[in-house]
Amino acid sequence: MRYRRLIGLVGFMVMLPLLACGQGSGGPPAAAKEKTAVPAGAPKPYAPQDFSKLKGMPGFSDKLLDMHFILYQGYVKNTNLLLDHLQQLATQNQTGSPAYAELKRRLGWEFDGMRLHELYFANLGGKEPLAKDSKLMKRLEENFGSFDNWAADFKATGAMRGIGWVVLYDDPKSGRLMNVWINEHDVGHPAGGNPLLVMDVFEHAFLTDYGLKRGDYIQAFFQNINWPAVETRLGK
């Protein structure tokens with residue numbers, strides 16, 4: 001068994017009693033019931049965004065979207081749970097405990113699962129192609145030679161074996177655009193990169209409608225890109 005998978009399994013076993021309060025177990029463990037004082041001005045819990053306007057989108061059944069929304073909401077819920085438990089453990093001077101370490105490791109996975117889904121849903125629902133005179137079109141042509149070259153590379157990245165995400169990243173420091181494969185949710189992000197276009201290639205994003213035909217799903221994704229939303233993510 002690979003070391004990373006082993007660590008993940010151990011972490012999951014450690015986390016089970018801590019996360020049970022959010023999974024219908026009848027209530028949190030005793031330690032979790034002790035509410036710590038929330039400082040004035042403390043960040044509010046994350047709230048799931050409503051993407052129901054995407055229902056009826058061509059190429060995506062309402063059944064698939066509804067299931068995907070529920071899965072996304074789970075990442076929001078677990079991100080809040082992890083942050084709460086980490087705060088409790090820190091207050092209890094348990095930062096040296098295995099539970100604290102494993103929850104810290106898990107936080108990036110849950111948080112990125114939440115944020116990537118928000119970016120993904122927000123860059124869907126479009127009906128028009130990218131304008132030929134747009135700033136993003138110019139940048140794609142500068143970096144890839146043509147829009148078609150960029151699209152072919154993005155699609156090829158999405159067709160790779162494995163589960164994860166494909167993200168068009170802008171490196172603000174150099175101005176370079178890159179199509180990047182993100183393994184799971186948290187591995188492969190270029191530090192300081194700005195995500196412009198996000199495509200989910202976990203099976204749950206397409207299996208209901210397309211079975212194993214990932215390529216057909218990718219085509220449907222391209223037909224529904226909300227290019228104005230993508231362009232708002234592009235820096236000056």
Side-chain angles (χ1 to χ4, degrees), residues 47-73 75-76 112-160 163-170 172 175-182 185 193-236:
Q49 298 180 31
D50 181 7
F51 296 103
S52 59
K53 66 179 182 180
L54 294 178
K55 294 177 73 170
M57 181 170 59
F60 291 77
S61 68
D62 288 354
K63 179 180 179 181
L64 181 147
L65 290 171
D66 281 334
M67 290 192 298
H68 210 164
F69 296 154
I70 292 172
L71 184 141
Y72 152 65
Q73 292 161 9
Y75 287 116
V76 179
D112 283 357
M114 172 185 70
R115 186 54 47 79
L116 286 169
H117 276 99
E118 291 171 348
L119 292 168
Y120 168 72
F121 291 133
N123 62 215
L124 284 173
K127 296 179 173 61
E128 301 295 332
L130 179 62
K132 293 183 179 181
D133 60 349
S134 65
K135 180 180 178 180
L136 179 57
M137 177 66 82
K138 182 180 179 181
R139 293 281 303 280
L140 290 172
E141 291 172 344
E142 290 173 348
N143 280 267
F144 293 89
S146 70
F147 177 88
D148 289 343
N149 288 345
W150 163 77
D153 185 75
F154 192 94
K155 292 175 182 178
T157 307
M160 290 168 21
I163 54 174
W165 303 79
V166 184
V167 181
L168 170 61
Y169 263 104
D170 172 29
R176 181 186 296 272
L177 300 184
M178 302 174 287
N179 292 324
V180 179
W181 173 267
I182 305 302
H185 305 312
N194 179 27
L196 303 180
L197 177 66
V198 175
M199 180 173 69
D200 190 344
V201 284
F202 276 77
E203 282 90 348
H204 62 247
F206 59 88
L207 202 64
T208 300
D209 290 349
Y210 295 98
L212 299 178
K213 297 179 180 179
R214 187 189 294 200
D216 291 349
Y217 157 71
I218 294 174
Q219 287 299 117
F221 171 85
F222 262 75
Q223 292 167 5
N224 290 280
I225 294 175
N226 184 343
W227 287 112
V230 176
E231 288 199 277
T232 62
R233 302 169 183 168
L234 189 63
K236 296 181 180 180

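Because only heavy atoms are used, hydrogens play no part in the values below, and waters and symmetry mates are left out as well, while side chains stay in.
When all heavy atoms of F202 and I163 are compared, the closest pair comes out as CE2-CD1, 3.7 Å. Closest approach of A229 and A122 over heavy atoms only: CB-O, 3.5 Å. Across all non-hydrogen atoms, the minimal contact from P172 to G193 is CD-CA, 4.4 Å. When all heavy atoms of N149 and F144 are compared, the pair lying nearest together is ND2-O, 3.0 Å. Taking all atoms of both residues into account, the shortest heavy-atom contact from M199 to G158 is CE-CA, 3.9 Å.
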Task: Evaluation steps, salt bridge (charged side-chain N to carboxylate O under 4.0 Å, His left out), between D66 and K55 - done: CA-CA 8 Å; D66 281 334; K55 294 177 73 170; 3.2 Å; yes
- [ ] Step by step, work out the side chain to side chain donor-acceptor pair (under 3.5 Å) result for D50 and S52.
- [x] CA-CA 6 Å; D50 181 7; S52 59; 2.8 Å; yes
- [ ] Check step by step if side chain to side chain contact (heavy atoms under 4.5 Å, CB included) holds for V166 and I218.
- [x] CA-CA 11 Å; V166 184; I218 294 174; over 6 Å; no
Task: side chain to side chain contact (heavy atoms under 4.5 Å, CB included) assessment of W227 paired with E128 - done: CA-CA 8 Å; W227 287 112; E128 301 295 332; over 6 Å; no
- [ ] In sequence, state the C-alpha distance, the side-chain angles, and the governing distance for L124 and N226, and then conclude on side chain to side chain contact (heavy atoms under 4.5 Å, CB included).
- [x] CA-CA 5 Å; L124 284 173; N226 184 343; 5.9 Å; no
TODO: Apply the test side chain to side chain contact (heavy atoms under 4.5 Å, CB included) to residues L71 and H117: give CA-CA distance (whole Å), side-chain angles for both, the deciding distance (0.1 Å), then the verdict.
DONE: CA-CA 9 Å; L71 184 141; H117 276 99; 3.6 Å; yes
Open item on the list: One pair to check against ring pair (Phe, Tyr, Trp, His ring centres under 6.0 Å): H185 and Y75. What are the steps and the verdict?
Closed with: CA-CA 11 Å; H185 305 312; Y75 287 116; 5.0 Å; yes
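Side-chain N or O atoms of N123 include none that pairs as donor or acceptor with a backbone N or O of L197 at under 3.5 Å. A distance-only check finds a donor-acceptor pair linking the side chain of Y72 to the backbone of Q49 [under 3.5 Å]. Side chain of N194 to main chain of R233: a donor-acceptor pair is present (N/O by atom type, distance under 3.5 Å, no hydrogens or angles). Under the 3.5 Å distance criterion, the side-chain polar atoms of Y217 are left unmatched by any main-chain donor or acceptor of V201. For the pair N224 (side chain) and P58 (backbone), a donor-acceptor distance under 3.5 Å is present. A donor-acceptor contact shorter than 3.5 Å links the side chain of R139 to the backbone of G175. Distance alone, capped at 3.5 Å, places no donor-acceptor pair between the D216 side chain and the Y210 backbone.
With rounding to the nearest 0.5 Å, the separation of CG in L168 from CG in L136 is 7.0 Å. Within the model, atoms CE of M57 and CD of Q223 stand 11.0 Å from one another, a figure rounded to the nearest 0.5 Å. Residue T208 holds its OG1 atom at 12.0 Å from CG of D62, rounded to the nearest 0.5 Å. Here the CD1 atom belonging to I225 is positioned 14.0 Å from the NZ atom belonging to K127, to the nearest 0.5 angstrom. Considering CZ of F121 and CZ of F69, their distance stands at 5.0 Å, rounded to 0.5 Å. Rounding to the nearest 0.5 Å places CG of L119 at 11.5 Å from CG of D200.
L140 is listed as a side-chain neighbour of L130, based on a closest heavy-atom distance under 4.5 Å. Within the 4.5 Å cutoff, the side chain of L207 has heavy atoms near those of the L212 side chain.
Ring geometry for Y120 against H68 counts as tilted: the plane angle lies between 30° and 60°, on a 0 to 90° scale. Between F154 and F222, the ring planes are perpendicular. Angles over 60° get that label, and only those under 30° would be called parallel.
At a threshold of 4.0 Å, the pair K138-E141 does not count as salt-bridged, since none of the basic side-chain nitrogens sits closer than that to a carboxylate oxygen.
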